[in-house]
Amino acid sequence: MSYKRILTIQDISCVGQCSLTVALPIISACGIETSVLPSAVLSTHTMGFTGFTFRDLTEDMPAICAHWKKEGLTFDGIYTGYLGSAKQIEYVKSIIANTAAEGCLVAIDPAMADNGNLYPTFDLAYVEEMKKLCAEADYLLPNITEACFLAGMDYRTEYDRAYIDALIAKLCGLGAKNVILTGVSYQKGRTGVAVYENGEMQYYEHEQIAGGIHGTGDIYASAFVGAKLRGKSAYDAAKIAADYVVECILESRKDPDHTYGARFEPVLGKLIAK
Ligand code: PXL
């Protein structure tokens, strides 16, 4: 397996176990050089904390991209998550155009919504821009809420296979080549991932652990990207990431007061082993 370098573009939430503070250690643990481009710096993430600071780094992006271009730096993978502004999406597309190595894997986690609602810093104008970024995705990794915003479909908590198929068809209509849809639950107590790749749908189901923990979407996407870049199939990477998230949640449950993020660190060894 050749040594690979990935670029991940998402925010630094200084405290909160999400975005870059999760992606950098997890992808590095997968044995991949991980370059970072912070989209914004926040004192904490935006869910459950109030009064967080927010420094948008949109205007730093063109010069960073120009420097990388001058140095001839390219990436074998580019993975985007929570971004700082709608305008930033234009710059992110330019970074992909200018720094993707041949065969570069582009993974887009729309990271903008959950449980039927957009996160506090986003609006429908951002959703419109995110739709355009979907066209760049070799792998689009939304949860159901994000998929609904992007697809323009109603958010439902109970649904059938036809609803999931319709969501995924609309995401492919935006230009996403393959879709990994998380949080797909067809029966109580169980949840899973719909893996749509090369026109074929597969589903991996596992135990659902009650009570939401923040940041698990970021853990999921990071583990998926790490496993995929290490040569796993999309289905195997989706399964490895799902099992890892379950391990992280079980680990976090040891302290019921620790709800702002998942304790992914003590179980990194299990991910590495896979
Ligand atoms: O986990 C997604 C995420 C990333 N970054 C910030 C967030 C959130 C979700 O709320 O607030 C700043």
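Nothing here was measured: the structure is a model prediction, and the numbers come from that model. Only this structure's heavy atoms are used, side chains among them; waters, hydrogens and symmetry mates stay out.
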Q | Test log, rule salt bridge (Lys or Arg N to Asp or Glu O under 4.0 Å), inputs Glu129 and Lys87 | A | CA-CA 8 Å; Glu129 286 305 303; Lys87 184 177 175 196; over 6 Å; no
Q.
Among residues at least two apart in sequence or on other chains, which ones pass side-chain hydrogen bond (donor to acceptor under 3.5 Å, both in side chains) with Asp123?
A. none
Q.
Counting only heavy atoms from other residues, nucleotides and ligands, does the tally under 6.0 Å from CG of Asp255 exceed 12?
A. yes
(Q) Lys254: which residues meet the side-chain hydrogen bond (donor to acceptor under 3.5 Å, both in side chains) condition with it, sequence neighbours left out? (A) Glu251
Q. So do Tyr3 and Ile32 actually touch side chain to side chain, heavy atoms under 4.5 Å?
A. no
Q. Where do Cys30 and Leu229 land on the side-chain contact (heavy atoms from CB on, under 4.5 Å) test, with the steps shown first?
A. CA-CA 9 Å; Cys30 292; Leu229 271 186; over 6 Å; no
Q) Leu141 and Ile108: side-chain contact (heavy atoms from CB on, under 4.5 Å), yes or no, with the steps? A) CA-CA 6 Å; Leu141 293 128; Ile108 309 287; over 6 Å; no
Q) Does Thr53 reach the main-chain N or O of Ser43 with its side chain, forming a donor-acceptor pair under 3.5 Å? A) yes
Q | Interatomic distance, Asp138 atom CG to Cys104 atom SG [nearest 0.5 angstrom] | A | 7.5 Å
Q: Look up atom CG in Leu24 and atom OG in Ser222, then write down how far apart they are to the nearest 0.5 Å.
A: 9.5 Å
In residues 232-241, what donor-acceptor pairs under 3.5 Å come from side-chain atoms, sequence neighbours left out?
from	atom 1	to	atom 2	distance (Å)
Lys232	NZ	Lys274	O	3.3
Ser233	OG	Asp236	N	3.0

Q) Got Val245 and Thr182 here, is their nearest side-chain heavy-atom distance under 4.5 Å? A) no
Q: Specify the closest pair of heavy atoms between His206 and Val246, including all atoms of both residues, with the distance to one decimal.
A: ND1-CG2, 3.4 Å
Q) Do Ile12 and Leu42 have side-chain heavy atoms sitting under 4.5 Å apart? A) no
Q) What's the verdict on side chain to side chain donor-acceptor pair (under 3.5 Å) for Ser185 and Gln187, showing C-alpha distance, side-chain angles and the deciding distance? A) CA-CA 6 Å; Ser185 169; Gln187 51 170 317; over 6 Å; no
(Q) Quick check for you: to the nearest 0.5 Å, what is the distance between Leu171 atom CG and Leu140 atom CG? (A) 5.5 Å
Q) Just wondering, do Pro120 and Met47 contact through their side chains at under 4.5 Å, heavy atoms? A) yes
Q: May I ask whether Val179 and Val127 are part of the same hydrophobic cluster, defined by side-chain heavy atoms of I, L, V, M, F, W, Y residues being less than 4.5 angstrom apart, directly or through others?
A: yes
(Q) For Tyr203, give me all partners under ring-ring contact (aromatic ring centres under 6.0 Å, His included), at least two apart in sequence or on another chain. (A) Tyr186
(Q) Tell me whether the count of non-hydrogen atoms from other residues, nucleotides or ligands lying under 6.0 Å of CZ in Arg55 goes above 12. (A) no
Q: Under the side chain to side chain donor-acceptor pair (under 3.5 Å) rule, what do Gln17 and Glu265 come out as? Steps first, then yes or no, please.
A: CA-CA 10 Å; Gln17 283 172 313; Glu265 307 88 347; 3.0 Å; yes
Q: Taking the side chain as every heavy atom from C-beta outward, state whether Glu247 and Lys270 have any atom pair closer than 4.5 Å.
A: yes
**Q.** Check: Thr8 side chain, Tyr79 main-chain N or O, donor-acceptor pair, under 3.5 Å
**A.** yes
Q.
Please verify the inter-ring angle class for Phe75 with Trp68; under 30° counts as parallel, over 60° as perpendicular, anything in between as tilted.
A. perpendicular
Q. When Tyr82 is tested against each of Thr121, Asp11, Asp109 for side chain to side chain donor-acceptor pair (under 3.5 Å), which residue passes?
A. Thr121
Q) How long is the span from the CG atom in Asp165 to the CE atom in Met201, to the nearest 0.5 Å? A) 4.0 Å
Q) Any sub-3.5 Å donor-acceptor pair from Asn98's side-chain atoms to Ala66's backbone N or O? A) no
**Q.** Check: Cys18 main-chain N/O paired with Thr21 side-chain donor or acceptor under 3.5 Å
**A.** yes
(Q) Between Ser85 and Thr58, does the side chain to side chain donor-acceptor pair (under 3.5 Å) criterion hold? Intermediate values first, please. (A) CA-CA 7 Å; Ser85 67; Thr58 299; 2.7 Å; yes
(Q) Taking Thr74's backbone N and O only, do any of them form a donor-acceptor pair with Arg5's side chain (distance below 3.5 Å, no angle check)? (A) yes
Q: Begin with the C-alpha distance, continue with both residues' side-chain angles, and end with the deciding distance and a verdict on side-chain contact (heavy atoms from CB on, under 4.5 Å) for Thr157 and Ile144.
A: CA-CA 9 Å; Thr157 49; Ile144 296 206; over 6 Å; no
Q. Given side chains that start at C-beta, do those of Val184 and Thr191 come closer than 4.5 Å, heavy atoms only?
A. no
**Q.** Ring geometry between Phe122 and Tyr126 (parallel below 30°, tilted from 30 to 60°, perpendicular above 60°)
**A.** parallel
Q. Who passes salt bridge (charged side-chain N to carboxylate O under 4.0 Å, His left out) against Glu136, sequence neighbours left out?
A. none
Q) Taking atom NE2 of His45 and atom CG of Asp218, what is their separation to the nearest 0.5 Å? A) 9.5 Å
Q: Check whether Val36 and Val15 end up in the same hydrophobic cluster, where Ile, Leu, Val, Met, Phe, Trp and Tyr are linked by side-chain heavy atoms less than 4.5 Å apart.
A: no
Q: Report yes if the side chains of Cys148 and Leu167 come closer than 4.5 Å at any heavy-atom pair, otherwise no.
A: yes
Q: Return yes if some donor-acceptor pair links the side-chain N/O of Thr145 with the main-chain N/O of Gly116 below 3.5 Å, else return no.
A: yes
Q: Please step through side-chain contact (heavy atoms from CB on, under 4.5 Å) for the pair Ile78 and Ile6, ending with a clear verdict.
A: CA-CA 6 Å; Ile78 298 178; Ile6 188 172; 5.8 Å; no
Q: To the nearest 0.5 angstrom, please state how far the CD1 atom of Ile249 sits from the OH atom of Tyr244.
A: 11.5 Å
Q) For the residue pair Tyr163 and Tyr159, does the interplanar ring angle fall in the parallel (under 30°), tilted (30 to 60°) or perpendicular (over 60°) class? A) parallel
Q. Tell me, do Asn178 and Asn198 make a side-chain contact under 4.5 Å, heavy atoms counted?
A. yes
Q: May I ask you to check whether over 12 heavy atoms, not counting those of Glu158, lie within 6.0 Å of atom CD?
A: no
Q: Identify, with sequence neighbours excluded, every residue that meets ring-ring contact (aromatic ring centres under 6.0 Å, His included) alongside Phe264.
A: none
Q) Is there a donor-acceptor pair closer than 3.5 Å between any side-chain N or O of Gln88 and the backbone N or O of Ser39? A) yes
Q: May I ask you to decide whether Glu197 forms a salt bridge with Lys177, counting only side-chain N to carboxylate O separations under 4.0 Å?
A: no
